[in-house]
Amino acid sequence: MPKSKRTRRVKVGRLVALRAVAVVLVGGLVLLNRFQLSRNAGGLLTRAEEAVGRKDWDAAATLYKQYLVYRNKDADAAEDYTHALEELAKTKPTAAKELLPAYERVLFLDKDRVETRRKAAKQNVLANNLASARAHLDDLTRRPEAAAFACELHELYAVCDERENRLPEAADRLRKAIATGAAGAEVYLRLATLLVRDKPIPPDARQAADAVMDDLLKAKPKDIPARLARAEFLARVGDQKAARVEVEKARTEVPGGADSPEVAWYLGELASTDAERKDAADALARAAEKHPTDARLKLALADLQIRSDEPEQAKKTLRAVAELSPDQPMFGVADRLLDLGDTATAVRQADRFAADPQTQPLADYLLGRVKLAEGNWPDALPRLTAAVQGDALVRQKPQLMKAHLALAECYGYAANPDRRAKELATVLTLDPNSVVAQLALADAQAALGRTAEAEKTRRPLVDRRIPAARAASARTLLAEQMVRPEADREWVAFDRAV
């Protein structure tokens, strides 16, 4: 039987009512959810601000990050998150990798935050994201507020230019930085070093670089960093004696120089005679007593003790450095103690570095050298190979050289003179004056039957009267003569080597 119109009206009315109720319920749930989210977000923000007040930067960063999940358009909170990360990175370096995306997030929300853009430019330069760095720098140079730090912008542009091998442009940028009047001594030093980059140094380039350092001392005649920058420049161009004179002037002619920890550090670096080493050790000891938390001073003192053939004193000094921060891994301390035969400390430090993937190559380096010291070259070889392939060791030139030297030693044990020669050639690209690498490379070349090449490698050392080079050269020349008939033997070269 067909339904009546009245029945149909009743059912339609019920449907409408049900739908209305559903809408109200859904709306209520949405409102309730929004209220709950707002309440949760507000609680997270309050707790984050309280953590900042306590200077608990780890908790603050975590809470800001959680808050921004709920309130992803809050530019102020996003910037507060970057501040928390900056503080956290001072004690937890791995937090620094979160800074760049955090800065970019703030700028996405508010492109006019100049200070954040300045930090983003610097962080991109550190990360070698040069295109992004230039984009931020270009934006900043168009803003009137950036005039206050124009010198820094020119410096950052110079870094980009130098990494892209645009050396004339880099020099121009450094000159512009100096022209602002706000440049520190390190900017003058960078420019002077850039001008003498070609080897051998052209005379006009050296004159131009010397003029830059003269300008620095004219601008800052009573400034310790200025005098030390000149000393650093002279040391870089190989004039150690003149560099030492500049450090002495910083100590005796500049107010505060006698008590400066930086001056004491340079005295240690440039000491070459017994008298200079004793003077530098006294200066470093006094400076370390006045600045007991400055690890660099104790490391410099340990280096001086190592060069003065005082291994036990050096170990004592290095262990004192480790006590300054017992919970922090110390690569330089572990490496020096390993040089002195203390493998136990190297193993303990390696365990700490292995806990972070970014510093795993440092652990591989330390453990590889430990295995080699124990005579276990098969286990040392893969660890040292992994170490030189990681980014962490690339920034540690002395240790990178040691790693390649250790690899060369491994390949020597493996009776692979070709790979040994390649590793030693790599060392000489890092330090062309390494006597150890030159001697070992000549031996590897001789083992490959490349006698003439080996003699060419040894020749500069023989001319410098390095005993080991002269002995090796004499052995090679003697072997050459002894295979000839007695009447055909030539002894002039042999006599010169002897």
Side-chain angles (χ1 to χ4, degrees), residues 158-159 161-175 177-178 185-217 226-247 266 269-273 394-398 400-402 404-405 408 421-442 444-445 450 452-470 472-473 493 496-497:
V159 174
D161 288 331
E162 194 168 358
R163 289 183 184 172
E164 293 170 344
N165 206 31
R166 294 153 49 95
L167 303 186
E169 291 84 349
D172 287 342
R173 282 291 182 181
L174 292 171
R175 290 188 184 96
I178 290 170
E186 70 283 355
V187 180
Y188 290 82
L189 177 60
R190 280 180 59 196
L191 176 56
T193 303
L194 188 62
L195 293 174
V196 295
R197 186 164 179 161
D198 293 335
K199 300 292 185 292
I201 301 170
D204 58 338
R206 176 61 192 272
Q207 290 172 6
D210 284 334
V212 170
M213 301 314 295
D214 288 342
D215 289 342
L216 169 61
L217 290 178
R227 187 64 69 177
L228 295 180
R230 184 167 192 165
E232 176 70 25
F233 170 73
L234 290 167
R236 289 181 184 181
V237 296
D239 196 343
Q240 302 289 323
K241 185 176 180 180
R244 169 90 186 178
V245 169
E246 290 295 333
V247 176
Y266 269 97
E269 284 293 294
L270 296 169
S272 58
T273 66
V394 171
R395 296 184 290 272
Q396 310 273 355
K397 183 178 173 181
L400 184 60
M401 287 175 55
K402 289 180 188 177
H404 284 292
L405 283 170
K422 288 179 180 177
E423 292 297 335
L424 293 166
T426 300
V427 175
L428 290 172
T429 63
L430 297 169
D431 180 8
N433 299 316
S434 171
V435 172
V436 172
Q438 285 175 290
L439 286 171
L441 178 58
Q445 291 165 337
R450 290 149 41 186
E453 196 174 341
E455 276 305 295
K456 184 179 178 181
T457 300
R458 286 195 195 103
R459 177 51 49 198
L461 301 180
V462 171
D463 291 342
R464 288 167 54 191
R465 307 182 72 80
I466 303 294
R470 296 174 71 194
S473 183
R496 185 173 64 245

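Of the inter-residue distances, the one linking R236 atom CZ with T193 atom OG1 reads 4.0 Å to the nearest 0.5 angstrom. The distance from atom CG of L195 to atom CZ of R175, rounded to the nearest 0.5 Å, is 5.5 Å. For the atom pair OG1 (T429) and CG (L424), the distance works out to 11.0 Å, reported to the nearest 0.5 Å. Considering CG of D172 and CG of D161, their distance stands at 9.0 Å, rounded to 0.5 Å. Going from atom CG of L191 over to atom CD1 of I178 covers 5.0 Å, rounded to the nearest 0.5 Å. With values rounded to the nearest 0.5 angstrom, E246 atom CD is found 14.0 Å from K241 atom NZ.
Of all heavy-atom pairs spanning H404 and V427, the tightest one is CB-CG2, 3.5 Å. Across every non-hydrogen atom of L189 and E232, the tightest pair is CD2-CG, 3.6 Å. Minimum interatomic distance between A235 and L270 (heavy atoms only, all atoms of both residues): CB-CD2, 4.1 Å.
By the 4.5 Å heavy-atom criterion applied to side chains, L216 and R230 are not counted as neighbours.
Among residue pairs with one or both ends in residues 200-209, those qualifying as side chain to side chain donor-acceptor pair (under 3.5 Å) are R206-D210; sequence neighbours excluded.
The side chain to side chain contact (heavy atoms under 4.5 Å, CB included) search around E162 returns L167, A170, R190, L194, R197, not counting sequence neighbours.
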TODO: Kindly determine whether L405 and E423 satisfy side-chain contact (heavy atoms from CB on, under 4.5 Å), including the steps that lead there.
DONE: CA-CA 7 Å; L405 283 170; E423 292 297 335; over 6 Å; no
